[in-house]
2 protein chains.
Amino acid sequence: MTRWLSIEEQAVWRSWLVATSMMRERLSQDQEEGSGFSVEEYGLLVQLSEAEGRRLRMSSLAVLGLYSRSRLSHSISRLVDKGWVTKEPCDTDRRGAWAVLTKAGFEALEAAAPIHIESVREHLLDPLTTEQVAQLGQICATIAEHLCSIEGADTALALRVMGGPAPEPSK
Amino acid sequence: MTRWLSIEEQAVWRSWLVATSMMRERLSQDQEEGSGFSVEEYGLLVQLSEAEGRRLRMSSLAVLGLYSRSRLSHSISRLVDKGWVTKEPCDTDRRGAWAVLTKAGFEALEAAAPIHIESVREHLLDPLTTEQVAQLGQICATIAEHLCSIEGADTALALRVMGGPAPEPSK
DNA sequence: CCCAAGTAGTTGACAGATCAACTAATAGGG
DNA sequence: CCCTATTAGTTGATCTGTCAACTACTTGGG
């Protein structure tokens, strides 16, 4: 027995679709015009830049960046080619590998950040009232938490930045 | 002079990123498991199904579905191969082409709809309070409208379903 | 009536993402 | 200590999306 969407719910859903997809596209566009990398790569570099020693194990980075292992592997290879990242073997687990942000990578990130931020402000935060921004934060956090609770436990790691202290890494 | 994001703003932005990307992924997964097509294809078929005569000119469909011409052309070819859609020449403009939903396409859509709806409810609507759903609708509509106003005029067409009567098509 | 400019749509080359299969190393129960 | 199950990461085939170039048709000014 399908519980169909009411007109209002449909409207909410469609505006969600339009807003998220247009926002994603606009961000990509702004980003790629200014800096040499895509929004996705930007996200990875940010994660690395915030990590201790500007390095993360591949699998942690995959979780934090919501990447599949395979996608990450391919992406990182490209970043290595561009010189933003290097890979180092892991002493304590010889299967493992560290992805390490290079100096050049960090500088590229610093250069790109203002463009990114400006785009976020202009297209997401500025058009909303302060109250709406707060509501949006609450709403997205709820949705994200709900989705995390469904998936594997450690996906929740991706939320660690979203408030509260960082949970202990799972390994 | 970059106006950096406050901690709270950062949290909002990141939860937006996580929520939108996880939501998209989950929806794809639920969808593809049950029906034979992707969320994107689903969107196109819905647009066709709602149009008069279950047909749309390629360019209108591109606007409504937020597709580039090229992407649409490729996607429609695939849908034609699968038998969900056919293409018909346009009498009044011999450059033009109609994308027409087939009977099989409509049936596939009907079969997929409950899965789609269920996923939207479960992951987006249900975890939120009624009030939050309303807020989210308002927020997304604002963002979408803002983005539309930046881009070309006719992108606004994509919003026609979001409430209010349909504006006159631009041509 | 003609010609330039614009529009509709397609195409093919390329970049990025997904998927399944693979190697290599660790972990843990007997 | 071994043997299986699990985890880390990579690879290559395939699919989808993007971009720029292209054909074909329409439109509107002179």
Side-chain angles (χ1 to χ4, degrees), chain A residues 21-22 24-29 31-33 36-44 55-82 85-100 152-154 169-171, chain B residues 21-22 24-29 31-33 36-44 55-82 85-100 152-154 169-171:
Chain A
S21 98
M22 289 190 76
R24 171 179 296 275
E25 200 176 332
R26 180 104 298 273
L27 195 67
S28 298
Q29 207 123 13
Q31 184 89 290
E32 262 152 286
E33 276 170 23
F37 37 75
S38 70
V39 195
E40 287 77 22
E41 291 176 325
Y42 181 84
L44 291 182
R55 67 182 52 221
L56 282 170
R57 286 289 295 276
M58 291 296 278
S59 18
S60 312
L61 182 51
V63 172
L64 291 174
L66 299 173
Y67 268 50
S68 72
R69 291 166 176 287
S70 157
R71 183 183 175 196
L72 182 66
S73 199
H74 287 297
S75 296
I76 290 289
S77 316
R78 274 170 250 142
L79 291 173
V80 168
D81 290 344
K82 294 191 196 165
V85 171
T86 50
K87 279 204 282 194
E88 289 181 16
C90 175
D91 291 337
T92 61
D93 184 341
R94 282 190 300 174
R95 291 168 302 181
W98 292 100
V100 188
D154 59 341
S170 58
K171 69 165 308 325
Chain B
S21 98
M22 290 189 74
R24 170 179 298 273
E25 201 176 333
R26 181 103 297 273
L27 195 67
S28 299
Q29 209 123 15
Q31 184 90 291
E32 263 152 290
E33 275 170 25
F37 36 75
S38 69
V39 195
E40 288 77 22
E41 291 176 324
Y42 181 83
L44 291 182
R55 66 182 52 220
L56 281 170
R57 287 288 297 274
M58 292 294 278
S59 19
S60 312
L61 181 51
V63 172
L64 291 174
L66 298 174
Y67 268 51
S68 71
R69 292 167 176 286
S70 154
R71 184 183 174 194
L72 182 65
S73 199
H74 287 298
S75 296
I76 290 288
S77 317
R78 273 170 251 148
L79 291 174
V80 168
D81 290 344
K82 293 190 195 165
V85 171
T86 50
K87 279 204 283 194
E88 290 183 15
C90 175
D91 292 335
T92 62
D93 184 342
R94 282 191 300 176
R95 291 167 302 181
W98 292 99
V100 187
D154 60 340
S170 56
K171 71 161 309 336

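Labels below follow one simple rule: chain letters A, B, ... track the order of the sequence lines, proteins then strands, and each chain is numbered from 1.
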**Atom pair distance, as rounded to whole Å: OH in A:Y67 and C1' in C:dC19** = 17 Å

**Message:** Would you say that B:R69 contacts B:S59 through its side chain, given a criterion of any heavy-atom pair below 4.5 Å between the two side chains?
**Reply:** yes

Between the protein and nucleotides 11-13 of chain C, are there any N/O to N/O pairs under 3.5 Å, and if so, what are the atom names and distances?
from   : atom 1 : to    : atom 2 : distance (Å)
C:dT11 : O4     : B:S70 : OG     : 3.2
C:dG12 : O6     : B:H74 : NE2    : 2.9

**Prompt:** How many angstroms lie between CZ in A:R26 and OG in A:S28, if you round to the nearest 0.5 Å?
**Reply:** 9.5 Å

**Request:** May I ask you to check whether over 12 heavy atoms, not counting those of A:D81, lie within 6.0 Å of atom CG?
**Result:** yes

**Message:** Is there a side-chain contact between A:S75 and the phosphate of C:dG16, meaning an N or O under 4.0 Å from OP1 or OP2?
**Reply:** no

**Asked** Which nucleotide sits closest to the side chain of A:S59: C:dG9, D:dG9, C:dA25?
**Response** D:dG9

**Item:** Length of the NZ-P vector between B:K82 and D:dC15, whole Å
**Value:** 11 Å

**Complete:** Under a 4.0 Å heavy-atom criterion, the protein footprint on nucleotides 1-6 of chain D, written with B, S and -, is ------

**Message:** Starting the side chain at C-beta, find the nucleotide from D:dA8, D:dC25, C:dT10 nearest to B:D93.
**Reply:** D:dC25

**Message:** A side-chain contact here means heavy atoms from C-beta on lying under 4.5 Å apart; do B:E32 and B:S38 qualify?
**Reply:** yes

**Item:** Student check: side-chain heavy atoms of B:S75 and B:R78 closer than 4.5 Å
**Value:** yes

**Options C:dG9, D:dT18, D:dG9, nucleotide nearest the side-chain atoms of B:S68** = D:dT18

**Request:** Take atom CD of A:E25 and atom P of D:dG17, then tell me their distance rounded to the nearest Å.
**Result:** 12 Å

**Prompt:** In whole Å, what is the span from the CG atom of A:L44 to the P atom of C:dG16?
**Reply:** 13 Å

**Item:** Whole angstrom value for the distance that separates P of D:dT18 from CD of A:E40
**Value:** 11 Å

**Prompt:** With side chains defined as the heavy atoms from C-beta onward, is the minimum distance between A:K87 and A:W98 less than 4.5 Å?
**Reply:** no

**Request:** Using whole Å, report how far CG of B:L56 lies from C1' of C:dA8.
**Result:** 15 Å

**Item:** Value in whole Å for how far the P atom of D:dG9 lies from CZ of A:R94
**Value:** 15 Å

**Request:** Check the pair B:E41, B:K82 against salt bridge (charged side-chain N to carboxylate O under 4.0 Å, His left out), reporting the backbone distance first and the verdict last.
**Result:** CA-CA 11 Å; B:E41 291 176 324; B:K82 293 190 195 165; 3.2 Å; yes

**Request:** Establish, with yes or no, whether the OP1 or OP2 oxygen of D:dT16 is under 4.0 angstrom from a side-chain nitrogen or oxygen of B:R78.
**Result:** yes

**Prompt:** What is the nucleic acid contact for A:S38, judged by heavy atoms within less than 4.0 Å: base, sugar-phosphate only, or nothing?
**Reply:** nothing

**Request:** Using the side-chain contact (heavy atoms from CB on, under 4.5 Å) rule, pick out the option among A:I76, A:L61, A:V100 that qualifies with A:V85.
**Result:** A:I76

**Atom pair OG1/CZ of B:T86 and B:R55 - distance to nearest 0.5 Å** = 7.5 Å

**Asked** Between A:Q29 (CD) and D:dG17 (C1'), how many Å, whole number?
**Response** 14 Å

